[in-house]
Amino acid sequence: MKLTFEDRRTVARPPAVRALAAGSVGNFIEWYEFGVYGYLAPVIAQRFFTPEGGGAVEALVKTYASFALAFFFRPVGAALFGRLGDRIGRRPVLILVVALMTGATTLIGVLPTYAAVGVLAPWLLTFLRVLQGLSAGGEFGGAVSVMTEFAPPGRRGLYGAWQSFTVALGLLGGAGAATGAATVLTGDQLADWGWRLPFLLALPMGLGALWLRLRLEETPSFRDGERAVGRLPGRRLAGAVALGVGRVMGWSAAGYTFLVVLPSYLQTTLHTDVRRALLATVVANLGFAATILPAGLLSDRVGRRPVMLTGAVLVVVLAVPLLDVLQDPGTSAAGQGAAVFAAGAVVGLMAGPGPALLAEMFPTHVRCTGLGLAYALSNAVFSGCAGLVITEAVRRTGNADVPAYYAAAACAVSAVALAKGPMGKAG
């Protein structure tokens, strides 16, 4: 039988592969932007939050407050878009959230600064951050639902891990864009206009993501009516969401501490130059990326619990020693690189199986809402506040080990939550 062009295209790119591409690309853009904002936080603080006479640390705290505010709108976006995803389908929600994220990110790249419009500048920036928070809240639930619902039997861990892997790629892309701008441009050029370029790059990326999602099919689970299987009692749903938050809070806290907040910490606390600080973050994200897919695949064989527990316990044990390596002026560049690579790698052990673990905790008809809320609430409290809490705590106490204590404490709670309770239906 002769195949048509459309048939050949379907055979060459089966729905599961197209779902991975369409789901992953939105995650990449989302975390690219959040990474860029975190990596360029000192420059953004100078341009938007430093009036005449303002201190650099005070401005950085305000910048991270805006960062945190966007995260606190993630649960709102998760509830709003998650409900839509469970009612009308995953596909239309993924189209809407990537359009919203792309528009808000691009507009940040053309915003007037404090010097141009005064106090209006930080308010405009904060408004766009809120829009990004809403869209990001809907992105995770929809994307992970699509990836795991299209996954072949026994491969949900690997397919869900692509969400985390594209997070790593997005953070690497953001770090690369920020590092490239800081390397090619002078300090004055970067502070004057160069910081805008990484944000403006989101426009062509977003248009590509939108094109992929417009071609996406609805998931088999949703299309076949599995969403109609009864109603999950509100108390039971809330309990599952709370348990999900506990299980991934270590991933959230350690991930943002080691992968996003690190450049600002190195610059403001350890007085590292901007290029070396950004390079350290690139290495940490390489370590993160290296373990995600293997961890997801391993979780399909041995279970989500042992893989994620290993990552959480390693952070508890290694967080302080790894940070001490960075603080020691006698440590070689290779030693520091190995330390930040290892820090990223242990976070990847939690991030790989994490999406599939959350997806398996909720039935199809509430999956977008449930897993989206668990992830968004965890990120709002333990990721969005990481930069603010760490920067302010170091400023007040003078203790340079605060980031390690923060990550280790969150991972200790996650280890307890992972060790107890049902893990959901695998497969």
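Every heavy atom of this structure was used, including side-chain atoms; hydrogens, water molecules and symmetry mates were not.
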Q: The criterion is side chain to side chain donor-acceptor pair (under 3.5 Å); which residues satisfy it with Thr291, sequence neighbours excluded?
A: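 Listed in chain order: nothing, the list is empty.
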Q: Main chain of Gly296, side chain of Ser299: is a donor-acceptor contact present, judged purely on distance under 3.5 Å?
A: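 Yes, the answer is positive, given that a donor and an acceptor are paired below the 3.5 Å cut-off.
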Q: With sequence neighbours excluded, what pairs up with Arg367 under the salt bridge (charged side-chain N to carboxylate O under 4.0 Å, His left out) test?
A: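 Testing Arg367 for salt bridge (charged side-chain N to carboxylate O under 4.0 Å, His left out), a comparison that skips the adjacent residues, returns Glu149.
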Q: According to the side-chain hydrogen bond (donor to acceptor under 3.5 Å, both in side chains) rule, which pairs have a member within residues 334-356, sequence neighbours left out?
A: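 Passing the test, one end in residues 334-356: Arg276-Gln336.
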Q: Just checking, Arg74 and Trp31: is the charged tip under 6.0 Å from the six-membered ring centre and within 45° of the axis?
A: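 Ring-cation test returns yes.
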Q: Please name all residues satisfying ring-ring contact (aromatic ring centres under 6.0 Å, His included) with Phe140, sequence neighbours left out, ordered by chain then number.
A: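 ring-ring contact (aromatic ring centres under 6.0 Å, His included) list for Phe140, sorted by chain: Tyr375.
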Q: Measure across Met350 and Cys411 and return the closest heavy-atom pair with its distance rounded to 0.1 Å.
A: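 In this case the closest contact between Met350 and Cys411 is CE-SG, 3.9 Å.
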Q: May I ask you to decide if Ala417's main-chain N or O and Arg247's side chain share a donor-acceptor pair within less than 3.5 Å?
A: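 The answer is yes, because a donor-acceptor pair under 3.5 Å joins these two groups.
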Q: So does Leu216 get a backbone contact from the side chain of Arg18, meaning a donor-acceptor N/O pair under 3.5 Å?
A: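 Not confirmed, Arg18 side chain does not pair with Leu216 backbone.
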Q: State whether the number of non-hydrogen atoms from other residues, nucleotides or ligands found under 6.0 Å of Trp195 atom CH2 is greater than 12.
A: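 Count over threshold, so yes.
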Q: Just grab all the side-chain hydrogen bond (donor to acceptor under 3.5 Å, both in side chains) pairs involving residues 307-329, residues at least two apart or on different chains.
A: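 Of all non-adjacent pairs touching residues 307-329, those that pass side-chain hydrogen bond (donor to acceptor under 3.5 Å, both in side chains) are Tyr265-Gln327, Gln327-Asp401.
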Q: Is a donor on one side and an acceptor on the other found under 3.5 Å between the side chain of Asn27 and the backbone of Val167?
A: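 Here the side-chain-to-backbone pair does not exist.
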Q: Can you list every side-chain hydrogen bond (donor to acceptor under 3.5 Å, both in side chains) pair that touches residues 341-353, not counting sequence neighbours?
A: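 Qualifying pairs: none.
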Q: Are the side chain of Ser378 and the backbone of Ala374 linked by a donor-acceptor contact shorter than 3.5 Å?
A: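 Judged by distance alone, no pair lies under 3.5 Å.
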Q: For the pair Ser24 (side chain) and Ala21 (backbone), establish whether a donor and an acceptor sit closer than 3.5 Å, ignoring hydrogens and angles.
A: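 Answer holds: no.
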Q: Distance only, no hydrogens: is a donor on one side chain within 3.5 Å (strictly under) of an acceptor on the other, for Arg83 and Thr369?
A: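 Result is no, nothing qualifies.
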